[in-house]
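The structure appears right after this line, and notes come after that.
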Amino acid sequence: MSAVFRKPKTFKLRALHSQKKFGVAGRSCQEVLKKGCLHLQLPVAGSRLCLYEDGTELTGDYFWSVPDNSELVLLTSGQTWQGYVSDISGFLSAFHRPSAGLIQAARQLLSDERAPLRQKLLADLLHTISENIAAETRAEDPPWFEGLESRFQSKSGYLRYSCESRIRSYLREVNSYAPTVGKEAQGEYTRIVDLMCQKLRAVQYNGSYFDRGARAGLRLCTPEGWFCCQGPFDVDSCASKHSINPYGNRESRVLFSTWNLDHIIEKKRTVVPALAEAVTERDGREVAWEYFYSLLFTSENLKLVHIACHKKTTHKLSCDPHRIYKLPTKSKRRRPAQKCQ
């Protein structure tokens, strides 16, 4: 069908680095270009049209295959456009000091966006540049504390509490296993659980793992509060490079609650039953309870993992049989008395 008898194609057109779009219709690439230049008061000579999405130049042969209402960018001589990533890279360059104007511009882009992939990129971008990572107190970042009890006045304090709560829940599980232990061994099992409890209290239930203000080696994050997924229990690292900073904003704080402290050697299936068995069959030997403590409550056997890296399958790993009981203390031999010469 001749272009003369075809229904004009409609587009949304904008100038480079402008968020203002306007509708334009035409039966040829040249017609749309001329209307766009007239509206934007730009010279036709040297100007061209590109798809906003990927930067492809709009030509006569390609014109009719482009869907109606596609977004176009009008470029003048010397200007270039790499697609919508060009908008995003502009924001990235300002990440170190995002201004209110930058955030507003990102929100404007997102409000006009309909393509799912671009929506996701822009939403992630806006989420990141809106973070207030450096702020620590409720007064400095009130939105971060939304929904939390008033007793929490600092981000580090809340996240430390969050970690402590997880460790306390592990201790409750260990304690609740006592009734399954034989009556003869229950007293010793309870005694060991009490020793573990005392040690946990002394280290404040390892709440330092989530506290960015804690000393290096005692925390699982950077001084700024960035956590990296340590990958599933059966690999050395996270292939997807998951990372999060729950200190940034409320959404990150909430999402961080879905990350798991995963036991490499499984707590419920392996470690706790092995502890109970060791107590029951000790036969005069002393159970190395600190070994079990390290498996249950410390980073020796805990990995911080993104929910997608948390494998729910059976780990099929067992406790080290050589570390279940303490080695007997060797009594020193007395040397025979030397006779005086």
Taking the side chain as every heavy atom from C-beta outward, state whether [X] and [Y] have any pair of such atoms under 4.5 Å apart.
X: Trp226; Y: Ile244; value: no
X: Leu72; Y: Leu58; value: yes
X: Glu173; Y: Lys267; value: yes

What are the two closest non-hydrogen atoms of [X] and [Y], and how far apart are they?
X: Phe256; Y: Arg166; result: O-NH2, 3.4 Å
X: Leu13; Y: Val24; result: CB-CG1, 4.0 Å
X: Leu261; Y: Phe210; result: CD1-CZ, 4.1 Å
X: Arg14; Y: Lys21; result: NH2-CD, 3.3 Å
X: Gln79; Y: Leu74; result: OE1-O, 4.0 Å
X: Phe233; Y: Asp262; result: CB-OD2, 4.1 Å

Between [X] and [Y], is there shared hydrophobic-cluster membership here, with clusters defined by ILVMFWY side-chain heavy atoms closer than 4.5 Å?
X: Phe22; Y: Val66; value: yes
X: Tyr62; Y: Trp64; value: yes
X: Ile324; Y: Val181; value: yes
X: Leu159; Y: Val254; value: no

Looking at residues at least two apart in the chain, or sitting in another chain, which of them share a side chain to side chain contact (heavy atoms under 4.5 Å, CB included) with [X]?
X: Gln153; value: Arg138
X: Val235; value: Pro232
X: Arg168; value: Glu164, Arg172, Tyr205

For Leu195 and Arg191, what are the C-alpha separation, side-chain angles and deciding distance, and is it a side chain to side chain contact (heavy atoms under 4.5 Å, CB included)? CA-CA 6 Å; Leu195 289 171; Arg191 187 185 75 85; 3.4 Å; yes
I'd like a table of donor-acceptor pairs (distance under 3.5 Å, sequence neighbours excluded) in which one partner is a side-chain atom from residues 38-47, with atom names and distances.
| from | atom 1 | to | atom 2 | distance (Å) |
| --- | --- | --- | --- | --- |
| Ser47 | OG | Pro43 | O | 2.5 |

Under the salt bridge (charged side-chain N to carboxylate O under 4.0 Å, His left out) test, residues paired with Glu300 that sit two or more places apart: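 Result, salt bridge (charged side-chain N to carboxylate O under 4.0 Å, His left out) vs Glu300: Arg323.
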>> If you apply the rule side chain to side chain contact (heavy atoms under 4.5 Å, CB included), what do you find for Cys319 with Phe292, and how did you get there?
In response: CA-CA 9 Å; Cys319 300; Phe292 288 99; 4.3 Å; yes
message: Lys316 vs Glu266, test: salt bridge (charged side-chain N to carboxylate O under 4.0 Å, His left out). Steps then yes/no.
response: CA-CA 8 Å; Lys316 297 180 180 179; Glu266 293 172 283; over 6 Å; no
query: Looking only at atom types and distance, does a side-chain atom of Tyr189 sit under 3.5 Å from a main-chain N or O of Gly182, one as donor and one as acceptor?
result: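 No; judged by distance alone, with no hydrogens or angles, the pair does not exist.
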- Message: Quick one, Leu302 with Ile167, criterion side chain to side chain contact (heavy atoms under 4.5 Å, CB included). Give me CA distance, side-chain angles, the key distance, then yes/no.
- Response: CA-CA 11 Å; Leu302 290 172; Ile167 301 298; 4.3 Å; yes
- Message: Ring of Tyr247, cation from Arg253 - is the NZ or CZ under 6.0 Å from the centre and inside 45° of the axis?
- Response: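 Not satisfied by the 6.0 Å and 45° rule.
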SB check Glu224 Arg212 (cutoff 4.0 Å):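 Judged by the 4.0 Å cut-off on N to carboxylate O distance, Glu224 and Arg212 do not form a salt bridge.
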Is the closest basic N to carboxylate O distance between Asp211 and Arg219 below 4.0 Å?
->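 Salt bridge: no.
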Next on the checklist: Evaluate Tyr170 against His263 for ring-ring contact (aromatic ring centres under 6.0 Å, His included), listing each step before the verdict.
Outcome noted: CA-CA 10 Å; Tyr170 302 159; His263 289 82; 4.8 Å; yes
Under the criterion ring-ring contact (aromatic ring centres under 6.0 Å, His included), I'd like the reasoning laid out for Tyr161 against Phe152: C-alpha separation, chi angles, the key distance, then a yes or no.
CA-CA 9 Å; Tyr161 164 81; Phe152 298 113; 5.0 Å; yes
Next item on the list: Kindly determine whether Tyr52 and Trp81 satisfy ring-ring contact (aromatic ring centres under 6.0 Å, His included), including the steps that lead there.
Entry: CA-CA 8 Å; Tyr52 169 74; Trp81 180 251; 5.6 Å; yes
With side chain to side chain contact (heavy atoms under 4.5 Å, CB included) as the test, would you mind laying out the steps for Ser208 and Arg160 before giving the verdict? CA-CA 6 Å; Ser208 61; Arg160 177 180 278 272; 3.7 Å; yes
Query - Mutual orientation of the aromatic rings belonging to Trp259 and His306 [parallel < 30°, tilted 30-60°, perpendicular > 60°] - result: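 Answer is perpendicular, since the angle exceeds 60°.
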Aromatic rings Tyr293 and Trp289: how do their planes relate, parallel, tilted or perpendicular, breaks at 30° and 60°?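 Perpendicular: the ring planes of Tyr293 and Trp289 meet at over 60°.
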**Worked verdict on Gln230 versus Ser237 for side-chain hydrogen bond (donor to acceptor under 3.5 Å, both in side chains)** = CA-CA 5 Å; Gln230 296 173 324; Ser237 60; over 6 Å; no
| Would Glu71 and Lys12 satisfy salt bridge (charged side-chain N to carboxylate O under 4.0 Å, His left out), going step by step from the backbone distance to the final call? | CA-CA 5 Å; Glu71 292 186 33; Lys12 293 177 181 177; 5.5 Å; no
Any residue meeting side chain to side chain donor-acceptor pair (under 3.5 Å) with Asp234, in chain and number order, not counting sequence neighbours: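 Expected list: Lys311.
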Going by atom types alone, do Gln30 and Ser28 pair a side-chain donor with an acceptor below 3.5 Å?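 Judged by distance alone, the side chains do not pair up.
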- Do Thr10 and Asn69 have side-chain N/O donor and acceptor atoms under 3.5 Å apart?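 Short answer, yes.
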| field | Tyr325 vs Tyr291, ring-ring contact (aromatic ring centres under 6.0 Å, His included): CA-CA, chis, key distance, verdict | value | CA-CA 9 Å; Tyr325 297 104; Tyr291 168 59; over 10 Å; no
